[in-house]
Asker: 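What follows is a single structure, and I will ask about it in a moment.
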Number of protein chains: 2
Amino acid sequence: MNTTPTEQTIAAWARLLRVHTQWQEQVQSALKAADLPPLAWYDVLLELHRKRHGLRQYEIGERMLLPKHNLSRLLDRLEKEALVTRRTSPEDGRGNRVLITRSGRRLLQRMWPVYGRVIQECLGQRLTAAEVTTLAKLLDKLQQ
Amino acid sequence: MNTTPTEQTIAAWARLLRVHTQWQEQVQSALKAADLPPLAWYDVLLELHRKRHGLRQYEIGERMLLPKHNLSRLLDRLEKEALVTRRTSPEDGRGNRVLITRSGRRLLQRMWPVYGRVIQECLGQRLTAAEVTTLAKLLDKLQQ
DNA sequence: TTCACTTGGTTGCAAATGCAACCAAAACAA
DNA sequence: TTGTTTTGGTTGCATTTGCAACCAAGTGAA
């Protein structure tokens with residue numbers, strides 16, 4: 001079992017990190033320019049949007065790979081803006097169930113065009129469809 | 001000029017983000033477990049290690065894609081630990097030249113095995129050499 | 001039942017980040 | 001020269017993150 005990466009592996013690693021920070025920067029600055037909240041808000045709202053009956057907090061945390069205390073306060077902010085609601089969970093007295101509100105969905109709709117455009121500019125337009133598929137497959141192997 | 005990404009593009013995008021956060025988590029927790037400083041320290045030190053005559057602050061910032069105020073304070077921390085030194089630049093009276101110290105290099109050496117192992121586990125061992133090369137090429141197209 | 005252990009979530013405090021204003025040296029123009 | 005603009009870097013303040021301690025409900029064992 002080889003424990004030291006090859007040059008190529010290091011190169012791929014470094015490039016992924018770099019691409020990620022570039023993308024991050026592009027997205028956040030586009031959102032800010034459009035006077036919209038940060039990307040994390042979009043992620044939470046999208047997860048909730050997909051689930052008619054909302055999600056438990058820990059489920060959101062798992063999906064977003066976010067530590068729980070962090071998520072707890074992120075939801076505080078979203079709740080303060082009335083984008084989500086927390087209601088105490090019927091099935092488990094400790095936890096609560098988080099639901100997206102109508103204005104949460106509206107925000108999602110306003111954010112998508114901005115976000116989508118960046119995705120297209122940074123990724124969609126730079127690779128062919130075949131390359132995108134290859135990339136997606138390779139990244140899939142790296143997950144989990 | 002198409003401005004909305006395809007499903008495949010969105011999938012690839014989302015996977016890259018996810019892979020990145022997973023990697024990040026792996027690295028940081030491995031470093032912490034070995035009682036070592038965060039990854040950003042490694043990045044700075046490595047850049048400096050490669051340049052015998054050090055780097056200007058803004059050069060480090062460009063390489064790391066870090067906003068200048070952020071870098072300024074990161075260097076404060078490194079300097080406080082005597083891992084780098086700032087000396088006023090001879091060629092430009094405003095700026096300064098940053099150099100790695102002997103103990104900076106030592107730290108670099110202590111960090112690499114930990115970092116390298118994570119790279120190998122998260123990337124090197126999960127793809128074939130050919131796949132790594134393909135990935136590196138695709139990511140290269142996405143840079144800049 | 002009782003007592004320990006785990007799990008879901010929150011909170012206080014310290015450290016890191018983002019933003020905008022700032023300062024001084026350099027570059028440029030008149 | 002003087003005045004203006006740009007550039008390299010720092011600092012103050014607000015927001016966000018990370019860590020550890022905490023609380024209360026659930027689980028499980030004796």
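Note: hydrogens, waters and symmetry copies are ignored here, and every other heavy atom, side chains too, is used. Reminder, nothing fancy here: chain letters follow the sequence lines and each chain counts from 1.
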Asker: Is there a donor on the side chain of A:Arg86 or the base of C:dG8 sitting less than 3.5 Å from an acceptor on the other?
Answerer: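 Looking at the base of C:dG8, it does not pair with any donor or acceptor on the side chain of A:Arg86 (distance under 3.5 Å).
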Asker: For A:Asp92 and B:Arg94, find the nucleotide of DNA chain D closest to each by heavy atoms; which residue's nucleotide sits nearer the 5' end?
Answerer: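 Final value for this comparison: B:Arg94.
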Asker: Between atom CG in A:Leu66 and atom P in C:dT10, what is the gap in whole Å?
Answerer: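 So the two atoms are 13 Å apart, to the nearest Å.
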Asker: Please say whether more than 12 non-hydrogen atoms of neighbouring residues, nucleotides or ligands are located less than 6.0 Å from CD in B:Glu7.
Answerer: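 No, because the 6.0 Å sphere around CD of B:Glu7 holds 12 heavy atoms or fewer from other groups.
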Asker: Rounded to the nearest Å, what distance is computed from the NE2 atom of residue A:His69 to the C1' atom of nucleotide D:dA20?
Answerer: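 Rounding to the nearest Å, NE2 of A:His69 and C1' of D:dA20 are 10 Å apart.
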Asker: Give a yes/no answer on whether the side chain of A:Asn70 brings an N or O atom under 4.0 Å of OP1 or OP2 in D:dG18.
Answerer: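 Affirmative; the distance criterion is met.
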Asker: Strictly below 4.0 Å: does B:Gln57 bring a side-chain N or O up to OP1 or OP2 of D:dT10?
Answerer: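 Indeed, a polar side-chain atom of B:Gln57 lies that close.
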Asker: Should A:Lys141 and B:Glu131 count as an ion pair when the cut-off is N to O under 4.0 Å?
Answerer: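 Yes.
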Asker: Do NZ/NE/NH1/NH2 and the carboxylate oxygens of B:Arg126 and B:Glu121 come within less than 4.0 Å?
Answerer: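 No, no charged N to carboxylate O under 4.0 Å.
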Asker: Check the distance between C:dG9's C1' and A:Leu71's CG and give it to me in whole angstrom.
Answerer: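 My rounded result for the distance is 10 Å.
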Asker: Start at the 5' end of DNA chain D and walk down; is the nucleotide closest to A:Gly93 or to A:Ala40 reached first?
Answerer: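 The residue mapped nearer the 5' terminus is A:Ala40.
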Asker: Give the rounded distance in Å between these two atoms: CH2 of B:Trp41 and P of C:dT17.
Answerer: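 From B:Trp41 CH2 to C:dT17 P: 11 Å.
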Asker: How close or far is atom C1' of D:dT11 from atom CG of B:Leu75, stated in whole angstroms?
Answerer: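 Between C1' of D:dT11 and CG of B:Leu75: 15 Å.
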Asker: Tell me whether the OP1 or OP2 atom of D:dG8 has a side-chain N or O from B:Asn96 closer than 4.0 Å.
Answerer: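 So the side chain of B:Asn96 is outside the cut-off, no N or O lying under 4.0 Å from OP1 or OP2 of D:dG8.
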Asker: Evaluate A:Glu59 against A:Lys51 for salt bridge (Lys or Arg N to Asp or Glu O under 4.0 Å), listing each step before the verdict.
Answerer: CA-CA 11 Å; A:Glu59 293 176 310; A:Lys51 298 287 171 180; over 6 Å; no
Asker: Specify the separation, in whole Å, of atom OH of A:Tyr58 and atom P of C:dT10.
Answerer: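 Value for this atom pair: 14 Å.
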Asker: Answer yes or no: side-chain N or O of A:Arg73 and base N or O of D:dG18 forming a donor-acceptor pair under 3.5 Å.
Answerer: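 Under the 3.5 Å cut-off, the side chain and the base do form a donor-acceptor pair.
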Asker: May I ask you to verify if any side-chain N or O of A:Ser72 is less than 4.0 angstrom from the OP1 or OP2 atom of C:dG9?
Answerer: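 The answer is no; no side-chain N or O of A:Ser72 sits under 4.0 Å from OP1 or OP2.
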Asker: Starting at NZ of A:Lys68 and ending at P of C:dT11, how long is that distance when rounded to a whole Å?
Answerer: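 Value for this atom pair: 13 Å.
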Asker: Using a 4.0 Å heavy-atom cut-off across all strands, classify A:Arg56 as base, sugar-phosphate, or nothing.
Answerer: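 Sugar-phosphate contact only - A:Arg56 comes under 4.0 Å of backbone atoms but never of a base.
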Asker: Drop me the distance from A:Leu107's CG to A:Tyr42's OH, to the nearest 0.5 angstrom.
Answerer: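 The CG atom of A:Leu107 sits 10.0 Å away from the OH atom of A:Tyr42.
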Asker: Between D:dA14 atom P and A:Arg77 atom CZ, what is the distance in whole Å?
Answerer: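 So the two atoms are 17 Å apart, to the nearest Å.
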Asker: Indicate, with a heavy-atom threshold strictly under 4.0 Å, whether A:Asp76 touches base, sugar-phosphate, or nothing.
Answerer: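 Contact class for A:Asp76: none.
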